Structure formats: C-alpha cells, structure tokens
Peer 1: 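Right, I'll just put the structure down here and ask away after.
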Amino acid sequence: ARALAYMVDVAIIWAVASMLSSGLALISVISPDLANTAIVLSLFVLPLAYGMVLEGVLKGQTVGKKLFRLQVVDASGLKLRPTQVILRNLLRAVDFLPAFYLLGGVATLASRRAQRLGDLAAGTVVVRLPRPGKPDLDLMIGTRFNSLRTLPHLAARLRQRIPAPEAALALQALVRREEIEAGPRVTLFRELADHFREQVDFPAELVDGMTDEQYVRNVVDLLYRPRLSTPGQSQPVAS
C-alpha cells in the first residue's frame, strides 16, 4: 500500500514538474542558464515541498496516502508535529539511496513497525486507517431499560447539547471497549460520563448506583436511538 501510494504521489509530482518545466521554458529564451538552474532546483525542492506541505496540512497524509487510507502519525501516539513532518521528508534523499528507495526499503523490512530511516529519525510511523464500519446498536446496547428515557424533556435537552463529534466519540468508546485495558477504560468512561452529566442534570434517583460505563451507554442510546425502533433502523440524531 505504501508503494502504491508513493507511485500516486510521484505521478502528481511529475505532472506538476512538467507544467513547471513548460513555464521555465519561456525563461530559457531570456537566460538558458537561469532556466536550467531553476529546473534542477525544482527536481529537488518539489518532492520535498509536496510531502512537507500536504502531510502538514492534511494531518499526515498526501494524496496517495489518503487514497490508500494511510497516515503518518507520531510513534508515541502524540500529536504529529511540523518538525517531524519536515525531518521525515528531508531524509527521503537518504532513504532513496543508492536507488529506488533501496535503503529505506531495507530499513522498513528490518523495523518492527515498518519504519524507514526518515520515520525512525522523526519518531513517526505510517499506519493504515481502518474503514469505519456501522456498529449494530441493537446488538451493542440491546433493548434493556434506560432510566433516562423516563424524562423525555431532559433526554431531548441532552440531544440538543451534545454535538456530533462528542456523540461519535462516546459511540467509538463503546465499540472499542474490549480493546482498551481495564485502567484506562475506567478513566475514559468516567471522564465521558462526567462530561455528559454536566450537560444535563438528571434526578439522583435515576442515576444513583449507575456505573459510568452504563451512563455513557444510556446516553449513546438516547443520542442514536431517540425512539426505540426495529433492528437496522437506528439513526444518529446528534447535531
């Protein structure tokens, strides 16, 4: 996938370079030496600028990476920094040695996380983005009693106050709960539940004794299933 993504990016760079060369051809009428110098510089600068600018603007993706669902991320899971993007792209010249990315290819095969030399130096890794699947809410949440539904006016207020990104975050936490270790999972659901409790204050008799994870589950139930429906008809309504 990385090789195919790189081929797409090279094709785009070649197309831009061809258009640039056509423009520089006009300069050669005035100064052939200046035009030749500009063409040589563009051959080095354009590939670097392409990777740096797009990976910086598109959060670790070029056109090729986006097409094949690849993304450059910080190896430690932190936010990708501009300095990392710059460094990994500057070292492409080293990875390319002696030709056709041979050194970078060997480093990728030898690295446990498939990192080329530029990735190792910058502390980055290229990951594949999974295709988002539509979770089965009826299977995940079920039709168990949701005490928050007993107060429709508060449930409606909660739906109004929770934006779509927050609703999606809570849903993904439930979908991926088994992938999260016990300690971080408890912390995650506690923070989500506390945030939702701040939006609407349900009576204590409805929520006393309810675990943080169950509270989040009930909130997701309200956000994505405003009215209990038959399986397969659940629709998100958060806005």
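Note that the structure is a prediction, hence the values are computed from the model and not measured.
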Peer 1: Could you tell me whether Asp201 atom CG has more than 12 heavy atoms of other residues or ligands within 6.0 Å of it?
Peer 2: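 Atom CG in Asp201 is not crowded, with 12 or fewer foreign heavy atoms closer than 6.0 Å.
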Peer 1: Please tell me if the side chains of Leu70 and Val127 come closer than 4.5 Å, counting only heavy atoms from C-beta onward.
Peer 2: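 A side-chain contact is absent here, since even the closest heavy-atom pair is not under 4.5 Å.
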Peer 1: Report the residues that fulfil salt bridge (Lys or Arg N to Asp or Glu O under 4.0 Å) with Arg177, sequence neighbours left out, ordered by chain and then residue number.
Peer 2: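 Result, salt bridge (Lys or Arg N to Asp or Glu O under 4.0 Å) vs Arg177: Glu213.
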Peer 1: Compare every heavy atom of Val125 with every heavy atom of Ala75, then report the nearest pair and how far apart it is.
Peer 2: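 The answer is CA-CG1, 4.1 Å.
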Peer 1: Quick one: salt bridge (charged side-chain N to carboxylate O under 4.0 Å, His left out) pairs with a partner in residues 184-193, sequence neighbours left out?
Peer 2: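 Those involving residues 184-193 do not exist here.
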Peer 1: Is there a side-chain contact between Leu154 and Leu148, using heavy atoms and a 4.5 Å cut-off?
Peer 2: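 No - every pair of side-chain heavy atoms lies 4.5 Å or more apart.
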Peer 1: Of all residues at least two apart in sequence or in a different chain, which pass the side chain to side chain donor-acceptor pair (under 3.5 Å) check with Glu181?
Peer 2: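 So Glu181 forms no side chain to side chain donor-acceptor pair (under 3.5 Å) with any residue.
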Peer 1: Test question: given the 4.5 Å side-chain rule for I, L, V, M, F, W and Y, name all other residues clustered with Leu120, or answer none.
Peer 2: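 Members other than Leu120 - counting any ILVMFWY side chain reachable under 4.5 Å - are Leu87, Leu91, Val94, Leu103, Leu117.
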Peer 1: Any chance you could pull the hydrophobic cluster mates of Val10, using side-chain heavy atoms under 4.5 angstrom and chaining through other members?
Peer 2: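 Members other than Val10 - counting any ILVMFWY side chain reachable under 4.5 Å - are Tyr6, Phe96, Tyr101.
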Peer 1: Does Asp212 reach the side chain of Val186, with side-chain heavy atoms less than 4.5 Å apart?
Peer 2: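 Asp212 vs Val186: side chains apart.
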Peer 1: Do Val126 and Gln71 come close enough that some side-chain heavy atom pair is under 4.5 Å?
Peer 2: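 With C-beta onward as the side chain, the pair stays apart.
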Peer 1: I need the minimum non-hydrogen distance between Gly60 and Lys65, along with the two atoms involved.
Peer 2: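 For Gly60 and Lys65, the tightest heavy-atom pair comes out as O-CD, 3.8 Å.
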Peer 1: Do Leu174 and Arg217 touch side chain to side chain, with heavy atoms closer than 4.5 Å?
Peer 2: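 Sidechains of Arg217 and Leu174: in contact.
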Peer 1: Is there a donor-acceptor contact under 3.5 Å from the side chain of Asn89 to the main chain of Val85?
Peer 2: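 Between the backbone of Val85 and the side chain of Asn89 there is a qualifying donor-acceptor contact (under 3.5 Å).
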Peer 1: Applying salt bridge (Lys or Arg N to Asp or Glu O under 4.0 Å), can you list everything that pairs with Arg113, at least two apart in sequence or on another chain?
Peer 2: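 Residues passing salt bridge (Lys or Arg N to Asp or Glu O under 4.0 Å) with Arg113: none at all.
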Peer 1: Quick one: pull up CZ in Arg2 and OG1 in Thr108 and give me the separation to the nearest 0.5 Å.
Peer 2: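 Arg2 atom CZ to Thr108 atom OG1 measures 5.0 Å (nearest 0.5 Å).
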Peer 1: Side chains of Leu80 and Val73, heavy atoms from C-beta outward: is any pair under 4.5 Å?
Peer 2: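 No, every pair of side-chain atoms sits at 4.5 Å or beyond.
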Peer 1: Looking at Trp14, is its backbone amide N or carbonyl O close enough to the side chain of Ser18 to form a donor-acceptor pair, meaning the two atoms are under 3.5 Å apart?
Peer 2: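 Checked: pair present.
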Peer 1: Going only through I, L, V, M, F, W and Y residues with side-chain contacts under 4.5 Å, is there a path from Met7 to Phe100?
Peer 2: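 Cluster IDs for Met7 and Phe100 differ.
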Peer 1: Give every residue pair that meets the salt bridge (charged side-chain N to carboxylate O under 4.0 Å, His left out) criterion with at least one member in residues 19-32, sequence neighbours excluded.
Peer 2: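 Every candidate salt bridge (charged side-chain N to carboxylate O under 4.0 Å, His left out) pair involving residues 19-32 fails, so no pair, neighbours aside, qualifies.
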Peer 1: Please say yes or no: joined through hydrophobic side-chain contacts below 4.5 Å, possibly via intermediate residues, are Ile180 and Leu192 part of one cluster?
Peer 2: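 They do share one cluster, since a chain of ILVMFWY contacts under 4.5 Å joins Ile180 to Leu192.
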Peer 1: Kindly indicate, with the supporting measurements, whether the criterion side-chain contact (heavy atoms from CB on, under 4.5 Å) is fulfilled by Val72 and Gln84.
Peer 2: CA-CA 10 Å; Val72 180; Gln84 292 175 292; over 6 Å; no
Peer 1: What are the two closest heavy atoms between Leu97 and Ala93, and how far apart are they?
Peer 2: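 Minimum heavy-atom separation between Leu97 and Ala93: CG-O, 3.4 Å.
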Peer 1: Who pairs with Arg88 by salt bridge (Lys or Arg N to Asp or Glu O under 4.0 Å), at least two apart in sequence or on another chain?
Peer 2: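 Residues passing salt bridge (Lys or Arg N to Asp or Glu O under 4.0 Å) with Arg88: Glu55, Asp119.
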Peer 1: So if I apply the side-chain contact (heavy atoms from CB on, under 4.5 Å) rule between Arg225 and each of Leu223, Leu222, Asp221, which one comes out positive?
Peer 2: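 The side-chain contact (heavy atoms from CB on, under 4.5 Å) with Arg225 is passed solely by Asp221 among Leu223, Leu222, Asp221.
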Peer 1: Do Gln61 and Leu129 touch side chain to side chain, with heavy atoms closer than 4.5 Å?
Peer 2: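 Answer yes - side chains close enough.
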Peer 1: Go through the structure and list residues passing side chain to side chain donor-acceptor pair (under 3.5 Å) with Tyr50, not counting sequence neighbours.
Peer 2: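 Only Asp9 meet the side chain to side chain donor-acceptor pair (under 3.5 Å) criterion with Tyr50.
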Peer 1: With a 6.0 Å cut-off (strictly less than), is the heavy-atom count around CZ of Arg197, excluding the residue itself, greater than 12?
Peer 2: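 Result for CZ/Arg197: enclosed.
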Peer 1: Linking I/L/V/M/F/W/Y whenever any side-chain heavy atoms sit under 4.5 Å apart, do Phe44 and Val53 land together?
Peer 2: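 In one cluster: no.
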Peer 1: What pairs with Gln199 under side chain to side chain donor-acceptor pair (under 3.5 Å), at least two apart in sequence or on another chain?
Peer 2: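 Scan of Gln199 (side chain to side chain donor-acceptor pair (under 3.5 Å), adjacent residues dropped) gives none.
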Peer 1: Taking only residues two or more places apart in sequence or in another chain, which ones pass salt bridge (Lys or Arg N to Asp or Glu O under 4.0 Å) with Glu179?
Peer 2: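 Listed in chain order: Arg176.
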Peer 1: If you look at every heavy atom in Gly104 and Arg116, which pair is closest and at what distance?
Peer 2: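 Scanning both residues, the minimum pair turns out to be O-CB, 3.9 Å.
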Peer 1: Does the side chain of Met210 come within less than 4.5 Å of Ser147's, by heavy atoms?
Peer 2: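 Yes - at least one pair of side-chain heavy atoms lies under 4.5 Å apart.
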Peer 1: Side-chain heavy atoms under 4.5 angstrom apart, residues restricted to Ile, Leu, Val, Met, Phe, Trp, Tyr: same cluster for Ile13 and Val45?
Peer 2: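 Looking at the clustering, Val45 is in a separate group from Ile13.
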Peer 1: Considering the options Arg157, His153, Gln160, Arg159, which one meets the side-chain contact (heavy atoms from CB on, under 4.5 Å) requirement together with Val200?
Peer 2: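 Per the side-chain contact (heavy atoms from CB on, under 4.5 Å) rule, the option paired with Val200 is Arg157, out of Arg157, His153, Gln160, Arg159.
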Peer 1: Can you tell me which residue pairs pass the ring-ring contact (aromatic ring centres under 6.0 Å, His included) test with a partner in residues 170-219, sequence neighbours excluded?
Peer 2: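 Checked against ring-ring contact (aromatic ring centres under 6.0 Å, His included) - neighbours excluded - no pair reaches residues 170-219.
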